[in-house]
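Numbered from 1 within each chain, the chains take letters A, B, ... in sequence-line order.
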Protein chains: 2
Amino acid sequence: MSRVATELKTALGEAGHRLTGPRLAVWDVVASSRSHLTAEEIAESVRDRDPTVNLSSVYRSLSLFAELGLVRESNLGANEASHWELAHSDESFHLRCTSCGKVEHHTGDLVTQVEHHLSHHHGFHASRVELLVHGTCAECAATS
Amino acid sequence: MSRVATELKTALGEAGHRLTGPRLAVWDVVASSRSHLTAEEIAESVRDRDPTVNLSSVYRSLSLFAELGLVRESNLGANEASHWELAHSDESFHLRCTSCGKVEHHTGDLVTQVEHHLSHHHGFHASRVELLVHGTCAECAATS
DNA sequence: ACTGCAGTTGCGAATGCCTCGCAATAAGAC
DNA sequence: GTCTTATTGCGAGGCATTCGCAACTGCAGT
Ligand SMILES: [Mn+2]
Ligand SMILES: [Mn+2]
Ligand SMILES: [Zn+2]
Ligand SMILES: [Zn+2]
């Protein structure tokens with residue numbers, strides 16, 4: 001059993017879930033990608049390895065992984081499919097270029113500052129922060 | 001013609017659109033509410049005034065108002081309907097309590113800081129920022 | 001290794017939100 | 001008031017996601 005397979009099996013086992021073919025295939029795709037993929041895109045890659053895996057199982061695997069904190073689901077736009085990736089902290093937020101569509105990450109302490117401010121001054125205890133910045137990336141600004 | 005009707009007519013007229021019954025009804029509902037409503041909820045209120053207004057027209061009105069900068073559309077959760085309200089700046093962001101569901105606003109200069117940082121240090125020019133904080137509100141924290 | 005069974009899957013149907021196409025209607029310029 | 005064409009109601013369609021269920025399979029116990 002490969003390295004990633006063992007890691008996934010451990011994470012699943014601790015939560016009382018089984019390691020199955022579809023789950024491993026979905027995990028391999030998400031863990032080896034650096035981009036934000038839709039369930040359909042993940043399913044396409046999964047089918048390369050095993051064409052019998054159903055789209056429903058891809059959704060079920062992704063939902064389970066999200067519950068276990070293994071992946072992150074993001075809404076990058078109204079009425080768009082969710083995008084999935086390996087889990088990363090709220091500190092690392094999303095910059096989406098409205099021109100080329102690229103999604104970049106930016107990490108700063110801003111999110112932590114907001115969390116502390118809300119907690120100390122307003123009694124609001126943050127569990128998850130989603131920060132999405134739409135705009136024009138450096139490359140697109142230079143080109144236009 | 002009422003005050004809000006005149007204001008809406010001006011905004012529409014300047015952009016080459018007509019003031020119609022459905023549009024005025026949708027506007028009245030959104031402008032007189034302080035909450036974040038779904039299109040379906042808006043349609044329900046609109047039907048109280050005029051039962052012939054179709055849900056499609058509510059969607060069409062809301063989309064148009066958003067293009068004109070009159071209303072704001074927000075995604076408050078994955079796989080949830082969009083929520084609509086009178087337009088407000090990105091500075092004012094959303095706190096959603098995962099316990100009672102309430103959505104509050106919080107205004108600070110943090111969003112502006114991020115915009116400036118991204119612009120000055122990374123060449124990314126923000127056009128719209130969506131900041132959504134999930135967590136437990138003060139009332140729910142006290143009750144539990 | 002064999003068995004048993006609860007967890008998991010594939011499949012198709014269903015759901016929810018939103019958009020479209022089109023003929024009928026009505027706003028507003030003249 | 002007439003005319004033009006933007007807008008509407010309505011039904012159908014589209015897309016992402018979820019559900020129900022019988023068949024299958026991981027894996028714990030033996
Ligand atoms: Mn990301
Ligand atoms: Mn708001
Ligand atoms: Zn770009
Ligand atoms: Zn609350």
Side-chain angles (χ1 to χ4, degrees), chain A residues 1-2 5-6 8-27 29-30 36-44 46-47 49-68 70-71 73-84, chain B residues 1 5-6 8-27 29 36-44 46-47 49-68 70-71 73-84:
Chain A
M1 186 147 48
S2 79
T6 307
L8 179 62
K9 173 156 190 162
T10 302
L12 288 171
E14 285 172 0
H17 299 282
R18 298 175 182 173
L19 176 63
T20 67
R23 283 175 182 166
L24 182 53
V26 168
W27 179 250
V29 170
V30 173
H36 301 79
L37 304 169
T38 64
E40 186 62 62
E41 288 167 341
I42 293 167
E44 283 169 25
V46 163
R47 283 186 210 116
R49 147 199 281 253
D50 179 355
T52 71
V53 175
N54 194 270
L55 180 59
S56 297
S57 296
V58 172
Y59 275 105
R60 287 186 283 231
S61 296
L62 290 170
S63 298
L64 177 61
F65 296 167
E67 275 173 28
L68 301 181
L70 300 173
V71 304
E73 177 179 11
S74 297
N75 275 128
L76 267 24
N79 311 326
E80 268 186 57
S82 286
H83 288 256
W84 304 81
Chain B
M1 185 149 46
T6 307
L8 180 62
K9 174 156 191 164
T10 303
L12 289 172
E14 285 174 359
H17 299 283
R18 297 175 182 172
L19 176 62
T20 67
R23 283 174 183 166
L24 182 53
V26 169
W27 180 251
V29 171
H36 300 79
L37 304 169
T38 63
E40 187 61 64
E41 288 166 341
I42 293 167
E44 283 169 24
V46 163
R47 283 185 211 116
R49 147 200 280 252
D50 178 355
T52 71
V53 175
N54 193 270
L55 179 60
S56 298
S57 296
V58 173
Y59 275 106
R60 288 187 283 229
S61 297
L62 291 170
S63 299
L64 177 62
F65 296 169
E67 276 172 28
L68 301 180
L70 300 173
V71 303
E73 176 179 12
S74 298
N75 275 128
L76 267 24
N79 312 326
E80 268 187 55
S82 285
H83 288 256
W84 305 80

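Within 4.0 Å of T38(A), counting heavy atoms only, lies no atom of the nucleic acid at all.
Residues that satisfy the salt bridge (charged side-chain N to carboxylate O under 4.0 Å, His left out) test with E40(B), not counting sequence neighbours, are R47(B). Remark: E80(A) engages R96(A) in a salt bridge (charged side-chain N to carboxylate O under 4.0 Å, His left out) (not counting sequence neighbours). Partners of R18(B) according to the salt bridge (charged side-chain N to carboxylate O under 4.0 Å, His left out) rule, which considers only residues two or more places apart in sequence or in another chain, do not exist here. Every residue meeting the side-chain hydrogen bond (donor to acceptor under 3.5 Å, both in side chains) condition with D50(B), not counting sequence neighbours, appears here in chain and number order: T52(B).
Atom pair E80(A):CD and dC18(C):C1' shows a separation of 14 Å (rounding to whole Å applied). Here dG16(C) presents its P atom at 15 Å from NE2 of H83(B), a figure rounded to the nearest Å. Distance CG (L55(A)) to P (dT9(C)): 13 Å, rounded to an integer number of Å. As a whole-Å value, the separation of W27(A) CH2 from dT8(C) P is 17 Å.
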Nucleotides 20-30 of chain C: protein proximity per nucleotide (B base, S sugar-phosphate only, - neither; heavy atom, under 4.0 Å)
BB-----BS--
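Of all nucleotides in DNA chain D, those with any atom nearer than 4.0 Å to a heavy atom of chain A start and finish, going 5' to 3', at dA16(D) to dC27(D).
OP1 or OP2 of dC18(C) has at least one side-chain nitrogen or oxygen of Y59(B) nearer than 4.0 Å.
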